[in-house]
Every structure is written in C-alpha cells, then in structure tokens.
Number of protein chains: 2
Amino acid sequence: MEQAGNKTDSKIAVESKKGDIAREKILDAARRVFSRHPYHEASLRMIAKEGGFDHPLIRYYFPSKADLFGAVVAEVVDEFYAAHFVWMKGLDLLPPGKGLALLIERIVDHHYESPNGMRIIMQNISRTEALDAIPGYPLIPQLLAVMRSNFRQKVLLSGPEAEIGQFFASLFVTIVLYLGASSTTAQFLGLDHAGPHYRAWLKSSLVFQFLPWLTRLSLPTS
Amino acid sequence: MEQAGNKTDSKIAVESKKGDIAREKILDAARRVFSRHPYHEASLRMIAKEGGFDHPLIRYYFPSKADLFGAVVAEVVDEFYAAHFVWMKGLDLLPPGKGLALLIERIVDHHYESPNGMRIIMQNISRTEALDAIPGYPLIPQLLAVMRSNFRQKVLLSGPEAEIGQFFASLFVTIVLYLGASSTTAQFLGLDHAGPHYRAWLKSSLVFQFLPWLTRLSLPTS
DNA sequence: TTATTTTTTTGCCGACTGTAAAAATAGAAT
DNA sequence: ATTCTATTTTTACAGTCGGCAAAAAAATAA
C-alpha cells in the first residue's frame, strides 16, 4: 500500500511501475473478500467495491476470476512457506513439550497479525469433490509436504514415517480449523474469537491435544 | 421415496397426503445438494434437477430458499438429537478410555451410514461473520449444549465446568472437521476418504487426541 | 507541443439467480 | 357430468454474475 518516495526517483523502481501497485491493490482487496466469502460466493464486483475501483480493471491484470484467486492463494502459500522457517527456529534445542508450545504460540501469534491466510484456506476446504476444483488449492498439500519435510530434518523423531505424516496432517487441519474458522469455533466455546480468552485457549488446547501424540513420536518406543 | 401401497388405502395415511411425499422429495434432494455445496453456491435449480422436478415446485412448499435450507438444517439437527441418545447408551458403565472409544466408533459409523448431516454443517461453518447469517445454524450451538448437558448427566466428570465445555466443543468441531470435510482431510493424510484406512484412522486418531484430556477431567485432580 | 503507449472507465452480453404470477393438470366432492 | 380445490408446470421478471470490447483518460515518449 504505502510506497513513499516513489514520485521523484521513478528510475530506481524500474520493476514497480504504476501498474504493479494497482495489481497489488487488487490482490489486497481480493484477499480481504476471499477471506470472508468462499470462492463462488465472492464476486469480482465485491472485490472492486472493497478496493474502490471498477471491476473490469481486475481483468486488465488477471485474465479471469480463477486466475485472480489462484494468485491470491499462491501469495498466501508463499507467505506460509516463508513463515514456517521462522516458526521452526530453535525448535531442535527444546524438549518436545516446550518445542510444540513454542511452535503453536508462534503460529497463533502470526495468525492474529495476519489472519486472512488461514481464513481463505478454510473458506474453501469443505467441499466434497476434489480439492483441485478450487484454483490454487493443489498448492496446499504441497505446502504441507514441504513443511513436514523441513520439520522432519530439524527435529529428531523416531516414530514410523506414516504416523509422522498423520500427526502433521492432523495438526495442520486442526490449526486451520481453529484459526481459519475462529469465529465459529469460538462461538461453540462461548468465547469471543477476537478476544484474549480465545487466543489463550487456542495455545493451551492445541498443545494439550497434540503433545501426547508428539511425545509418542519422539521417544524410541513406548 | 418408496412408500408402496398408498394407492388403495389412502385413508390410513391421513397425514401423509400427496403433498407430503413431494415435500420429502424436495427435502431429500436439497439435502444432497446442500451437502455438496455451501448455501450461496447451491441453487434451487440444482436441487430441482437433483430431484427431478421443476424448481418453482420448491416455492409451493417452502416460501424461500432460506426456509428450505432452514428446514434441512432442522431435520439434520433433529437426527443428531435422536442419534446422540443412542451414542451415549451404556457409556457410564465403561472406563473413560473404553467409553470414549465406543462413543467415537458409534459417531463414525453413524456418519458413514448417513454422511450428509456433518457435510452440510461443515459446508457453511467457515464464515467469519456471525453464524446466525446462515438460516438454521443457530440451532447448532443449541444442539451442542443439549448433547453436553446429557453427557454431563450420564458420565461422572470432576473437572471444572468451563473446561468440560471446552472439551466438548473441541471434540465436536474436530469431529465435524474430520467427518464433514473428510475428502479434504483424507487427502492431506494421503488416504481415500471413502476407504477403510481413513475410517480406521479416524477412530484411533480421535481417541488418541482426546483421551488425555478426558482422563484429566474424569480424575479428582491431576 | 504531438504522438504513442499504458491504464482506467463505460457500456453491454448471455447466463444464471430467487421470486412471482399465470396457466395447466389432477383428484375429490357434489 | 360439473365444480371446486390442491398440486404441478409453464412462463416471466428484475437483479447479479463473469467476461468482453471499445471509448475515455492518463501517463510516457517523441
């Protein structure tokens, strides 16, 4: 949004022409709308109104609605890809209990700073048909696989590989549910999804739900 | 669908006039469509095509799309309400570990016999705004409260009331996620959501995820 | 300045939506 | 048989959708 000082030195930012900031403006508006509405319910006109421009402008930068959504998902996946390196920093130096607690704390804090990513994923995760029907969504299992692989190299686990994969998948989908649909989940708990109570519940409950599992995977054999 | 022998003895089924079977035909088709598509994506014409009738017929029995969806959700909630009594039968005679395993096994088996209920709930659970925006959905927290209350009377728990509520809410939303979005969840696990592997994984994984929590709630103090 | 390119806006298309009312059909009662 | 009512089908409408083309505007280059 704010790219100050670009008026005078237009030569420095060769790549960032005027069109690029318009492109980002569209992506930002689309992110907000797609985080509130599933793919088919969100419309290009909604996005245009959200961003304060006319809807055919979208077509100038993105050939179709599917392309726009795909670009948004790709952006979100990229951000998660970058973030998960930070999340894992120093995790190998801690015992499983502390490590899992720190990891979850980092993920939750990240979400409260930038909640749209989880929400966009969550909005479209429920369909019975193949996930491939939603543009960009095939990237998500890939992201999960990369995260698992990197975590695998970082932290020493001794359980069978298949169960480690299941542990990660469970943790991942549960986090997406608790964070991405936090409004609904919090309502079931009788909490306010934006308040500190729910945020604290998230951290303790996720640790409590997954620590026994992780413990089993990090010990030689039970 | 099949109500044979109604031609001759039309006097017996006084309540079930001709219109009532049409009403059920519509509800059945709507159930199937709403289990595959979120509320706004599903259309009355989809439902009509699914059921093999003309779409304005819906309006004769249901004043609006919201009313139809509300009737479907009410039906689903009623079925869950009836089912949860069966799920809890005999649970008080078992230790927590066996009891939770049996409960989950019953829920999973129920879902595989009639999967549409969980799917319909899951399809529309992700929206950020209030759950009340979806017709019929305010019934769901009520259902959860009733189930919790009945379980509370059946099984002896000693933990703080607030945590018991959180335990139930977590178990509930996790089951809805794992079952209602089984296609996606199974894909993350690398399994086929209709196959026996995923079904077995569901049972063991849910028990493993929630037994430690339940154990804490059923003991005097840790 | 003028000429050229890039960006934005206006207007429209066919398809689809929920809702509405009219027309057709069926069944039962008189 | 006819009349009346309940049910179903047909037709229609006003609104929104994604996509497209051409005009208008703005920015850039000459």
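Note on naming: letters A, B, ... go to the chains in the order of the sequence lines (proteins, then strands), and numbering restarts at 1 for each one.
One atom, CD1 of I21(A), and another, P of dT8(C), lie 8 Å apart when rounded to the nearest Å. L68(A) has its CG atom 14 Å from the C1' atom of dG19(D), to the nearest Å. The CG-C1' distance, from D67(B) to dG18(C), rounds to 13 Å in whole Å. Atoms NZ (K65(B)) and C1' (dA20(C)) sit 17 Å apart, rounded to a whole Å. For the pair R23(A) CZ and dT8(C) C1', the interatomic distance rounds to 17 Å; values are reported in whole Å. Between the CG atom of L57(B) and the C1' atom of dT25(C) there is a distance of 13 Å, rounded to whole Å. Rounded to an integer number of Å, the gap from I58(B) CD1 to dT10(D) P is 15 Å. Distance, Y39(A) OH to dG18(D) P: 8 Å, rounded to whole Å.
Annotated stems with DNA chain C as a participant read C:1-29 with D:2-30, given as range with range, by first number; only runs of 3 or more Watson-Crick or G-U pairs under 3.5 Å qualify.
Below 30°, between 30° and 60°, or above 60°: for F69(B) and Y137(B) the angle between ring planes is below 30°, a parallel geometry. Aromatic ring pairs are classed by plane angle as parallel below 30°, tilted from 30° to 60° and perpendicular above 60°; the pair W201(A) and W213(B) is tilted.
In this structure, of dT19(C), dT17(C), dT8(D), it is dT19(C) that holds the atom nearest to the side chain of L44(B).
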Protein N or O to nucleotides 10-14 of chain C N or O, pairs below 3.5 Å:
none

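Taking the side chain to side chain contact (heavy atoms under 4.5 Å, CB included) definition, one finds that V207(A) meets it with A101(A), I104(A), L211(A), sequence neighbours left out. Remark: E161(A) engages R152(A), I164(A) in a side chain to side chain contact (heavy atoms under 4.5 Å, CB included) (not counting sequence neighbours).
Sorted by first and then second residue, the salt bridge (charged side-chain N to carboxylate O under 4.0 Å, His left out) pairs with a member in residues 51-65 of chain B form an empty list; sequence neighbours excluded. For residues 172-181 of chain A, the set of pairs meeting the salt bridge (charged side-chain N to carboxylate O under 4.0 Å, His left out) definition, not counting sequence neighbours, is empty. The salt bridge (charged side-chain N to carboxylate O under 4.0 Å, His left out) contacts involving residues 163-175 of chain A comprise E163(A)-R216(A), where partners must be two or more places apart or lie in separate chains. The list of side chain to side chain donor-acceptor pair (under 3.5 Å) pairs with a residue in residues 70-83 of chain B, not counting sequence neighbours, reads R31(B)-E75(B), R31(B)-E79(B). Listed by first then second residue, pairs satisfying salt bridge (charged side-chain N to carboxylate O under 4.0 Å, His left out) with a partner in residues 190-200 of chain B read D109(B)-R199(B), not counting sequence neighbours.
Across all strands shown, A42(B) has heavy atoms under 4.0 Å from sugar-phosphate atoms exclusively, and none from any base.
Both M46(A) and R59(A) lie near DNA chain D, and the one whose nearest nucleotide falls closer to the 5' end is M46(A).
Taking side-chain N and O atoms only, Y60(B) has no distance below 4.0 Å to OP1 or OP2 of dA20(C).
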